[in-house]
Participant: 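The following block contains the structure, expressed as structure tokens.
First the proteins, then the strands, lettered A, B, ... as listed; each starts at 1. What's counted below: heavy atoms across the whole structure, side chains too, no hydrogens, waters or symmetry copies. Treat the numbers as computed from the prediction; the structure is a model and nothing was measured.
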Amino acid sequence: MNLEKILTQYTVKAVTSLYGVEPPENLLQVQETRKEFEGNFTIVVFPLLKISKQSPEATAEAIGEYLQANYPEVSRYNVIKGFLNLMIADAFWLGFMVETRFDDQYGYSVQSDKFSKMIEYSSPNTNKPLHLGHIRNNLLGYSLSKILAANGNRIVKVNLVNDRGIHICKSMLAWQKWGNGVTPESSGKKGDHLVGDYYVKFDIEYKKEIEQLMQQGMDKDEAARKAPLMQEAQEMLRRWEAKDPETVALWKMMNGWVYDGFGVTYKVLGVDFDRIYYESQTYLLGKEIVMDGLKRGIFYQKEDGSVWVDLTADGLDEKLLLRSDGTSVYMTQDIGTACQRFEEYDIDELIYVVGNEQNYHFQVLSLILDKLGYSWAKSLKHMSYGMVELPEGKMKSREGTVVDADDLMSEMTNIAYEMSQELGKLDGLSAEEIDKTIHTIGMGALKYFILKVDPKKTMLFDPKESIDFNGNTGPFIQYTHARIQSVLRKATESGIDIHAVVDTNITLNDKEVSLIQTIYNFPKTINDAAGTYSPALIANYVYELAKEYNQFYHDYSILKEENPAVRHFRILLSKHVAQVIRTSLDLLGIDSPDRM
RNA sequence: GGUCCCGUAGCUCAGCUGGAUAGAGCAACAGAUUUCUAAUCUGUCGGUCACAGGUUCGAAUCCUGUCGGGAUCACCA
């Protein structure tokens with residue numbers, strides 16, 4: 001059981017015994033003591049005053065004395081105003097350090113009854129390469145899946161690739177017109193970037209056409225609709241839907257280039273999927289379900305034949321489900337794919353990692369499925385995250401104001417190389433080791449930079465100021481890990497057995513207690529992160545741990561400590577800190593180097 | 001206009017199920033290395049927690065309003 005809960009129970013007993021009234025648990029507030037005060041846990045006694053009928057100080061004093069006298073875990077206490085600060089006995093901390101199994105599963109929950117959760121993330125369009133916004137999505141989705149798995153869930157990671165539609169037709173058309181048969185091989189360009197270039201090319205030419213038409217007196221909307229290029233793109237989409245062999249062949253070829261490109265990006269980013277869905281295979285789903293809902297009177301039809309759902313009673317609007325020509329819209333597909341997934345997989349929850357611009361969409365989706373009577377409708381979850389903005393505002397693909405994912409990642413690696421070189425950290429390493437190290441550090445910096453921010457919030461990325469490697473950063477934490485590994489190597493070299501049994505008959509200093517307490521909090525942190533879908537909690541936690549360790553490292557010797565019992569304990573502590581750092585970073589998808 | 005989200009130090013962010021004197025990093029300045037990795041550590045400077053009310057013993061945190069920023073309400077996805 002968790003120490004906070006134990007202290008809560010003890011306090012209940014103390015109050016009952018002292019004042020003859022058993023306090024309801026919600027009156028008890030046990031929290032970690034703030035750094036500037038002495039103690040490990042603090043009981044806030046203000047809510048208990050109505051029971052004690054005494055001053056805050058007297059109440060705190062009485063409870064403190066009772067706890068210290070009756071429970072060996074509580075070694076000392078002090079009272080400041082209405083706050084009772086408790087010191088936990090070294091014996092408890094040492095017992096925790098010696099008895100706990102600090103393997104790579106430390107902190108994980110073991111659920112006897114595993115929940116299965118499907119996480120959909122990434123979900124790119126195939127008409128252009130991935131950018132920084134996709135990086136946030138992928139890192140969040142991947143990290144969340146790891147955190148939920150650590151919290152005792154079975155996880156299925158899926159990606160729904162948007163491989164069809166007008167956008168890819170634009171790239172195809174532009175390539176046909178201006179590509180001269182260029183391929184990734186002939187140009188030496190990554191496939192997704194090559195296809196993206198033609199998407200941009202389409203837009204440029206399209207804009208020219210619109211302008212021309214407007215000069216001929218057409219208004220903007222009409223020009224946008226009637227521009228020959230747009231007409232052609234739409235014609236191409238119709239041919240694709242009619243399965244015209246030539247169009248399908250071109251589509252397959254260009255999507256193939258994109259998948260090769262994405263594969264490389266995903267690999268460098270370090271994310272993966274258990275199952276990839278393609279919208280070309282799912283876009284017709286959902287239609288029958290909607291028609292069935294229409295029959296059952298859940299939806300209604302307008303005169304032109306389009307099908308709608310009325311959500312005004314739920315405080316929302318009316319939503320289109322089928323166009324007047326009978327074709328599906330985005331919502332129709334999502335209804336269909338959700339049903340398909342719950343049929344195909346034995347899952348308890350379906351989590352969509354999608355930007356907060358679609359909050360409304362997912363609210364509506366869940367509501368519609370609920371109206372249709374699916375019992376699992378309420379277990380659809382939207383992990384909504386904020387946009388990544390540049391100093392000048394939102395990124396816009398068509399205007400070229402995007403931070404390209406591949407460029408950014410290689411730039412991070414380059415910076416990692418320069419810094420490592422400058423610091424002389426690469427001396428004596430093979431070329432292969434250098435590559436691996438700088439990749440680990442560069443990606444560590446990028447991933448931590450993204451993941452330390454609360455997912456819900458819009459975050460800012462300034463390309464002019466490169467991502468830091470000092471302070472509250474990924475490399476700082478990685479460095480702490482590498483530093484500990486170095487100490488452990490030195491220990492082994494000098495013949496110290498780092499696995500030796502630790503004598504618990506020693507006194508701990510403040511920094512040591514504080515470190516142990518932080519390690520002790522790890523399981524709770526994972527649990528919180530899983531409950532709130534927030535990798536940021538893990539990131540903030542591991543930063544705190546690394547910072548505390550560095551302070552400890554600075555203030556105390558480990559291998560040069562003369563008392564062998566203390567020395568062994570500090571080695572043990574260091575080892576466990578390294579383990580918790582490694583596990584934490586792993587939950588963020590970040591590697592922990594042994595040297596850097 | 002309706003709905004939702006956000007506003008904390010010069011900058012980037014923590015803290016938000018109410019608790020102590022609001023915290024980090026960056027930037028600026030000053031220091032620490034004969035000692036286990038200085039990508040580290042220590043210190044100084046920096047705040048009307050957007051504003052105004054309210055609830056409370058206690059509000060950055062909860063409620064109401066105002067201002068400012070963003071998203072969304074498509075026969076786009």
Participant: Please tell me if the side chains of A:Gln517 and A:Glu548 come closer than 4.5 Å, counting only heavy atoms from C-beta onward.
Facilitator: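 Of all side-chain heavy-atom pairs linking A:Glu548 with A:Gln517, none is under 4.5 Å.
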Participant: Could you tell me whether the phosphate oxygens of B:U42, OP1 or OP2, come under 4.0 Å of any side-chain nitrogen or oxygen in A:Gln551?
Facilitator: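 So the side-chain polar atoms of A:Gln551 do come within 4.0 Å of the phosphate oxygens OP1 or OP2 of B:U42, strictly under.
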Participant: Quick one: does A:Ser420 reach the base of B:A39 with a side-chain donor-acceptor pair under 3.5 Å?
Facilitator: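 Yes, a donor-acceptor pair under 3.5 Å.
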Participant: Could you spell out the base pairing of RNA chain B as a dot-bracket line? Use Watson-Crick and G-U wobble contacts where both distances are under 3.5 Å, [ ] for crossing pairs, | for partners on a different strand.
Facilitator: (((((((..((((.....[...)))).(((((.......))))).....(((((..]....))))))))))))....
Participant: For atom C1', what is the distance between B:G7 and B:U66, given to the nearest Å?
Facilitator: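 B:G7 and B:U66 have their C1' atoms separated by 14 Å.
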Participant: Taking the six-membered ring for Trp, is the centroid-to-centroid distance between A:Tyr330 and A:His361 below 6.0 Å?
Facilitator: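 Yes, ring centres under 6.0 Å apart.
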Participant: Tell me the closest heavy-atom pair linking A:Leu460 and A:Leu390, and the distance in Å.
Facilitator: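 Looking at all heavy atoms of both residues, the closest pair is CD1-O, 4.1 Å.
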Participant: Within the structure shown, what part of the strands sits under 4.0 Å from A:Asp462 by heavy-atom distance: base, sugar-phosphate, or nothing?
Facilitator: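 It contacts nothing in the nucleic acid.
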Participant: NZ of A:Lys511 versus C1' of B:U40: gap in Å, rounded?
Facilitator: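 Interatomic distance, NZ of A:Lys511 to C1' of B:U40: 14 Å.
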Participant: What distance, rounded to whole Å, do you find between the two C1' atoms, one in B:U17 and one in B:A77?
Facilitator: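 Their C1' atoms lie roughly 37 Å apart.
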Participant: Which pairs with one or both residues in residues 524-534 of chain A pass salt bridge (Lys or Arg N to Asp or Glu O under 4.0 Å), sequence neighbours excluded?
Facilitator: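 Qualifying pairs, neighbours excluded: A:Lys524-A:Asp528.
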Participant: CD of A:Glu32 to CD of A:Glu4: how many Å apart, nearest 0.5 Å?
Facilitator: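 Separation between the atoms: 6.0 Å.
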Participant: Which is true for A:Glu279 with a 4.0 Å heavy-atom rule: it touches a base, it touches only sugar-phosphate, or it touches nothing?
Facilitator: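 Sugar-phosphate, backbone atoms only, no base.
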Participant: With rounding to the closest Å, how many angstrom separate the P atoms on B:U21 and B:A28?
Facilitator: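 It comes out at 33 Å once rounded to the nearest Å.
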Participant: Checking A:Thr327 side chain against A:Arg323 main chain: does a donor-acceptor pair fall under 3.5 Å?
Facilitator: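 Answer holds: no.
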Participant: Take atom CZ of A:Phe46 and atom P of B:C57, then tell me their distance rounded to the nearest Å.
Facilitator: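 Atom-to-atom, A:Phe46 to B:C57, this comes out as 12 Å.
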Participant: Nucleotides 30-37 of chain B: which of its N/O atoms have a protein N/O under 3.5 Å away?
Facilitator:
from  : atom 1 : to       : atom 2 : distance (Å)
B:U35 : O2'    : A:Lys560 : NZ     : 2.8
B:C36 : O3'    : A:Lys490 : NZ     : 3.3
B:C36 : O2     : A:Ile558 : N      : 3.4
B:C36 : O2     : A:Leu559 : N      : 3.0
B:C36 : N3     : A:Ile558 : N      : 3.0
B:C36 : N4     : A:Tyr553 : O      : 2.8
B:C36 : N4     : A:Tyr556 : O      : 2.4
B:U37 : OP1    : A:Ser486 : OG     : 2.7
B:U37 : OP2    : A:Ser486 : OG     : 3.1
B:U37 : OP2    : A:Lys490 : NZ     : 2.6
B:U37 : O2'    : A:Tyr479 : OH     : 2.2
B:U37 : O2'    : A:Arg483 : NE     : 3.0
B:U37 : O2     : A:Lys425 : NZ     : 2.7
B:U37 : N3     : A:Met596 : O      : 3.0
B:U37 : O4     : A:Ala482 : O      : 3.4
B:U37 : O4     : A:Met596 : N      : 3.4

Participant: Please write out each protein N/O paired with an N/O of nucleotides 21-25 of chain B under 3.5 Å, distance rounded to 0.1 Å.
Facilitator:
from  : atom 1 : to       : atom 2 : distance (Å)
B:U21 : OP1    : A:Lys81  : NZ     : 3.1
B:G23 : OP1    : A:Arg34  : NH2    : 3.1
B:A24 : O2'    : A:Tyr543 : OH     : 2.9
B:G25 : O2'    : A:Asn472 : N      : 3.2

Participant: Please work out if A:Gln29 contacts a base, only the sugar-phosphate, or nothing of the nucleic acid, heavy-atom cut-off 4.0 Å.
Facilitator: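 The residue A:Gln29 makes base contact.
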Participant: With respect to the side chain of A:Gln358, which nucleotide from B:U40, B:G19, B:A77 is positioned closest?
Facilitator: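 From the listed options, B:A77 comes nearest.
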Participant: What is the separation between atom CG on A:Leu451 and atom P on B:C13, rounded to the nearest whole Å?
Facilitator: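 Rounded to the whole Å, the gap is 14 Å.
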Participant: With a 4.0 Å cut-off on heavy atoms, is A:Phe469 in touch with a base, just the backbone sugar-phosphate, or nothing at all?
Facilitator: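 Base contact.
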Participant: With no hydrogens and no angle check, do the side chains of A:Asp163 and A:Ser280 hold a donor and an acceptor under 3.5 Å apart?
Facilitator: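 Note: A:Asp163 and A:Ser280 side chains meet the donor-acceptor criterion.
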Participant: State, to 0.1 Å, how close A:Phe299 and A:Trp308 come at their nearest heavy-atom pair, and which atoms those are.
Facilitator: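 Shortest heavy-atom contact: CB-O, 3.2 Å.
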Participant: Are the ring of A:Phe83 and the six-membered base ring of B:G19 within the stacking cut-offs of under 5.5 Å and under 30°?
Facilitator: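 By the stated criterion, A:Phe83 and B:G19 do not stack.
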Participant: Starting from P on B:C26, measure out to CZ on A:Phe449 and report it in whole angstrom.
Facilitator: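 After rounding, the reported distance stands at 14 Å.
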Participant: Can you tell me if A:Gln363 and A:Ser366 form a side-chain donor-acceptor pair at under 3.5 Å?
Facilitator: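 Per modelled atom types, A:Gln363 and A:Ser366 side chains form no pair under 3.5 Å.
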Participant: Between the side-chain atoms of A:Thr480 and the base atoms of B:A39, is any donor-acceptor pair under 3.5 Å?
Facilitator: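 For A:Thr480, whose side chain was compared with the base of B:A39, there is no donor-acceptor pair (under 3.5 Å).
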Participant: Between A:Arg483 and A:Asn550, does any side-chain donor sit less than 3.5 Å from a side-chain acceptor?
Facilitator: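 Distance-only check passes for A:Arg483 and A:Asn550.
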Participant: Please state the P separation for the pair B:C63 and B:C11 - nearest whole angstrom.
Facilitator: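 The answer is 27 Å between these two P atoms.
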Participant: Does A:Pro47 reach a base, just sugar-phosphate, or nothing at all? Heavy atoms under 4.0 Å.
Facilitator: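 Base contact.
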Participant: Distance check needed: B:C57 P versus A:Leu27 CG, whole Å only.
Facilitator: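 That distance rounds to 14 Å.
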Participant: Contact class for A:Ile166 vs. all strands (heavy atom < 4.0 Å): base, sugar-phosphate, or nothing?
Facilitator: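 Answer is nothing: A:Ile166 stays at 4.0 Å or more from every strand.
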Participant: Tell me what A:Ser384 touches on the nucleic acid: a base, only sugar-phosphate, or nothing, going by heavy atoms under 4.0 Å.
Facilitator: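 No contact.
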Participant: Under 4.0 Å between any heavy atoms, over every strand shown, what does A:Lys457 touch: base, sugar-phosphate, or nothing? Just pick one.
Facilitator: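 Touches a base.
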Participant: With sugar-phosphate meaning primed atoms plus P, OP1 and OP2, does A:Tyr360 contact a base, only sugar-phosphate, or nothing at under 4.0 Å between heavy atoms?
Facilitator: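 A:Tyr360: backbone/sugar contact only, no base atoms under 4.0 Å.
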Participant: Are there more than 12 heavy atoms of other residues, nucleotides or ligands under 6.0 Å from atom NZ of A:Lys302?
Facilitator: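 Yes, because the 6.0 Å sphere around NZ of A:Lys302 holds more than 12 heavy atoms from other groups.
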Participant: If we ignore angles and hydrogens, is there a donor and acceptor under 3.5 Å between the side chains of A:Glu241 and A:Tyr283?
Facilitator: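 No, because no side-chain N or O of A:Glu241 sits under 3.5 Å from a partner of the opposite role on A:Tyr283.
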Participant: Quickly work out the A:Tyr283 OH to B:A77 P distance and round it to whole Å.
Facilitator: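 Distance check: A:Tyr283 OH to B:A77 P gives 12 Å.
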Participant: In whole angstrom, give me the gap between the P atoms of B:G53 and B:U42.
Facilitator: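 These two P atoms come out 40 Å apart once rounded.
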Participant: Taking atom P in both B:U33 and B:A38, compute the distance separating them and give it to the nearest angstrom.
Facilitator: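 Comparing P positions in B:U33 and B:A38 gives a spacing of 12 Å.
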Participant: Identify, with sequence neighbours excluded, every residue that meets ring-ring contact (aromatic ring centres under 6.0 Å, His included) alongside A:His131.
Facilitator: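 Listed in chain order: A:His134.
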Participant: Quick check on RNA chain B: between A:Asn540 and A:Glu465, whose nearest nucleotide comes earlier from the 5' end?
Facilitator: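 Comparing both residues, the 5'-ward one is A:Glu465.
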Participant: For residues 568-578 of chain A, which residue pairs pass the side chain to side chain donor-acceptor pair (under 3.5 Å) check, not counting sequence neighbours?
Facilitator: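 Pairs touching residues 568-578 of chain A that pass the test: A:His499-A:Lys575, A:Glu512-A:Arg570, A:Tyr549-A:Ser574, A:Glu561-A:Arg570.
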Participant: Quick check: any donor-acceptor pair below 3.5 Å linking the side-chain of A:Asn85 to the base of B:A20?
Facilitator: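 Donor-acceptor pair under 3.5 Å: yes.
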Participant: Taking the C1' atom of each, how far is B:G58 from B:G18, in whole Å?
Facilitator: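 After rounding to an integer number of Å, I get 8 Å for this pair.
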Participant: Can you measure A:Met230 atom CE to B:C76 atom P for me and round it to whole angstrom units?
Facilitator: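 Distance check: A:Met230 CE to B:C76 P gives 11 Å.
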Participant: Provide the distance between the two C1' atoms, one in B:A32 and one in B:G68, to the nearest whole Å.
Facilitator: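 Between the two C1' atoms, the distance is 45 Å.
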Participant: With nearest nucleotides of RNA chain B determined for A:Ser306 and A:Glu32 from heavy-atom distances, which residue corresponds to the more 5′ nucleotide?
Facilitator: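 The 5'-side residue here is A:Glu32.
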Participant: Do A:Phe46 and A:Phe83 make the cut of ring centroids closer than 6.0 angstrom?
Facilitator: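 Centroid separation for A:Phe46 and A:Phe83: below 6.0 Å.
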